[in-house]
Protein chains: 2
Amino acid sequence: MISLDANSSPTPEELPPEIDGLRMTKQRREVFSVVLAERDHPTANDVFSRSQKRMPTISLATVYNCLEALVSHGLVRQVNFEREPSRYCPNLSDHCHFQDEKTGTIHDVVFKEGVNLADFLELPQGTEVSHLEISLKGQIGSN
Amino acid sequence: MISLDANSSPTPEELPPEIDGLRMTKQRREVFSVVLAERDHPTANDVFSRSQKRMPTISLATVYNCLEALVSHGLVRQVNFEREPSRYCPNLSDHCHFQDEKTGTIHDVVFKEGVNLADFLELPQGTEVSHLEISLKGQIGSN
DNA sequence: AGCAATAATTGGAATTATTCTAATTCGAAG
DNA sequence: CTTCGAATTAGAATAATTCCAATTATTGCT
């Protein structure tokens with residue numbers, strides 16, 4: 001039995017016909033498996049070219065559609081850095097992103113145990129946060 | 001004497017010929033004064049049309065150039081929300097942004113006294129953060 | 001199974017924010 | 001006043017993403 005946990009990397013065929021109410025078409029399975037396989041925060045274009053290897057007929061528009069379906073069903077996260085193309089991340093745990101300015105590489109950064117927003121932000125009372133994105137940029141010591 | 005503090009809104013003429021080593025041309029003063037005047041996080045286009053009122057000959061390219069100059073000299077902050085056009089913010093205090101999903105309005109959100117990154121993020125040791133952006137989205141209770 | 005209704009995929013065109021380019025203008029310094 | 005680098009300009013170019021209309025696939029009925 002396959003699981004979609006933090007480290008699994010199922011082939012498209014191993015993915016079920018439906019996840020969380022989202023019908024997994026051939027293309028969606030392909031795209032999802034690509035995002036799960038190499039967790040290097042690929043852009044839509046990256047996903048497109050990787051998908052083409054197994055499925056040469058897939059179109060870029062479909063890749064965008066699939067990514068959008070996966071994102072809106074909460075199976076994949078969309079990651080934005082400034083004005084760069086969106087990237088996609090299958091890590092659903094609460095985390096944010098750090099981009100190494102030298103290499104462009106993006107690293108996941110987790111929150112410390114038990115921290116929550118209200119602890120560090122002066123949010124107006126009654127604020128209901130539905131979406132949070134934290135993006136860091138900088139250098140890593142050893143570089 | 002004018003100050004560029006959180007609430008001043010100088011006319012272009014009131015701005016000095018140079019700020020922080022950045023030569024303030026007519027256009028840069030115009031653009032800066034527009035950003036200082038209405039702190040509603042305008043897009044480059046918003047700034048363009050507001051600037052045109054006083055300076056009908058200014059070009060959009062110049063607005064982009066001026067904003068870029070102001071941002072890179074640290075006089076204005078560039079604010080990004082997902083894939084929306086960049087917005088510009090003259091509030092230089094340490095803060096982040098909350099977008100009301102209903103209206104699209106962006107509000108500044110300040111950090112609680114004395115909080116710092118390392119307190120809530122599990123940053124790899126040796127990480128030097130040069131840039132941090134926190135974007136929240138959601139609803140405000142009363143809406 | 002056969003068929004209608006619905007949803008997904010496709011290629012290509014369209015959109016849009018932003019950047020680039022090359023020519024002109026400006027302004028500070030001598 | 002002239003020079004020279006920097007800034008401005010209009011318009012073209014770019015690039016990510018979205019839209020569109022036509023085709024194809026899938027589901028749910030009977």
Side-chain angles (χ1 to χ4, degrees), chain A residues 12-13 15-35 41-52 54-73 75-76 78-88 104 106, chain B residues 12-13 15-35 41-52 54-73 75-76 78-88 104 106:
Chain A
E13 300 77 37
L15 287 168
E18 178 174 323
I19 303 178
D20 273 4
L22 177 67
R23 209 175 114 205
M24 294 301 284
T25 62
K26 228 158 29 96
Q27 289 82 348
R28 285 176 186 164
R29 280 194 295 270
E30 177 56 43
V31 165
F32 194 19
S33 81
V34 163
V35 173
H41 303 90
T43 63
N45 238 306
D46 294 335
V47 174
F48 177 49
S49 41
R50 291 174 197 176
S51 296
Q52 280 186 307
R54 286 176 151 266
M55 188 181 276
T57 60
I58 198 171
S59 76
L60 179 56
T62 298
V63 170
Y64 273 104
N65 291 341
C66 293
L67 288 170
E68 143 69 15
L70 293 167
V71 167
S72 67
H73 278 72
L75 299 173
V76 166
Q78 187 173 31
V79 176
N80 298 295
F81 266 90
E82 316 240 313
R83 312 248 80 239
E84 293 173 30
S86 288
R87 296 167 172 279
Y88 298 87
I106 290 170
Chain B
E13 300 77 35
L15 288 168
E18 179 174 324
I19 304 178
D20 273 4
L22 178 66
R23 207 177 117 206
M24 294 301 284
T25 63
K26 226 154 37 90
Q27 289 82 346
R28 286 177 186 164
R29 280 193 296 268
E30 177 56 43
V31 165
F32 193 20
S33 80
V34 162
V35 173
H41 303 91
T43 63
N45 238 305
D46 295 335
V47 175
F48 177 49
S49 40
R50 292 175 197 175
S51 296
Q52 279 186 308
R54 285 176 150 266
M55 188 181 277
T57 60
I58 199 171
S59 76
L60 179 56
T62 298
V63 170
Y64 273 103
N65 290 342
C66 292
L67 288 170
E68 143 69 14
L70 293 166
V71 167
S72 68
H73 278 73
L75 298 174
V76 166
Q78 187 174 30
V79 176
N80 298 294
F81 266 90
E82 317 242 311
R83 312 247 81 241
E84 293 173 29
S86 288
R87 297 166 172 279
Y88 298 88
I106 290 171

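In what follows, chains are A, B, ... by sequence order, proteins preceding strands, each numbered from 1.
- To the nearest angstrom, C1' of D:dG11 lies 13 Å from CZ of B:F48.
- The salt bridge (Lys or Arg N to Asp or Glu O under 4.0 Å) test applied to B:R50 returns B:E38, B:D40, not counting sequence neighbours.
- Here D:dT8 presents its C1' atom at 15 Å from CE of B:M24, a figure rounded to the nearest Å.
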Footprint string (nucleotides 11-23 of chain C, 5' to 3'): B base within contact, S backbone only, - free, heavy atoms under 4.0 Å = BB----SBBB---

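- The salt bridge (Lys or Arg N to Asp or Glu O under 4.0 Å) search around A:R87 returns none, not counting sequence neighbours.
- In this structure the side chain of A:F32 reaches within 4.5 angstrom of the side chain of A:L75, judged on heavy atoms.
- In this structure, CD of A:E18 is placed 11 Å from P of C:dA8, rounded to the nearest angstrom.
- Put simply, CE on A:M55 is 13 Å from C1' on D:dA25, counting in whole angstrom units.
- Taking only side-chain nitrogens and oxygens, A:Q27 never comes nearer than 4.0 Å to OP1 or OP2 of D:dA25.
- Between B:R28 atom CZ and D:dA6 atom P the separation is 11 Å, expressed in whole Å.
- Residues satisfying the salt bridge (Lys or Arg N to Asp or Glu O under 4.0 Å) criterion with A:R54, sequence neighbours excluded, are A:E13.
- Residue B:T25 places no side-chain N or O under 4.0 Å from the OP1 or OP2 atom of D:dA7.
- In this entry the distance linking CG of A:L67 with C1' of D:dA16 reads 13 Å, nearest Å.
- Rounded to a whole Å, the CD atom of B:E68 is 15 Å from the P atom of D:dA6.
- Note: CZ (B:R23) to C1' (D:dG5) measures 9 Å, nearest angstrom.
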Distance-only donor-acceptor hits, side chain of residues 64-71 of chain B, under 3.5 Å, sequence neighbours excluded:
unit_1	atom_1	unit_2	atom_2	d
B:N65	ND2	B:A61	O	3.4

With a cut-off of 3.5 Å and sequence neighbours excluded, list every side-chain donor-acceptor pair involving residues 19-28 of chain B.
unit_1	atom_1	unit_2	atom_2	d
B:T25	OG1	B:R28	N	3.1
B:R28	NH1	B:R23	O	2.8

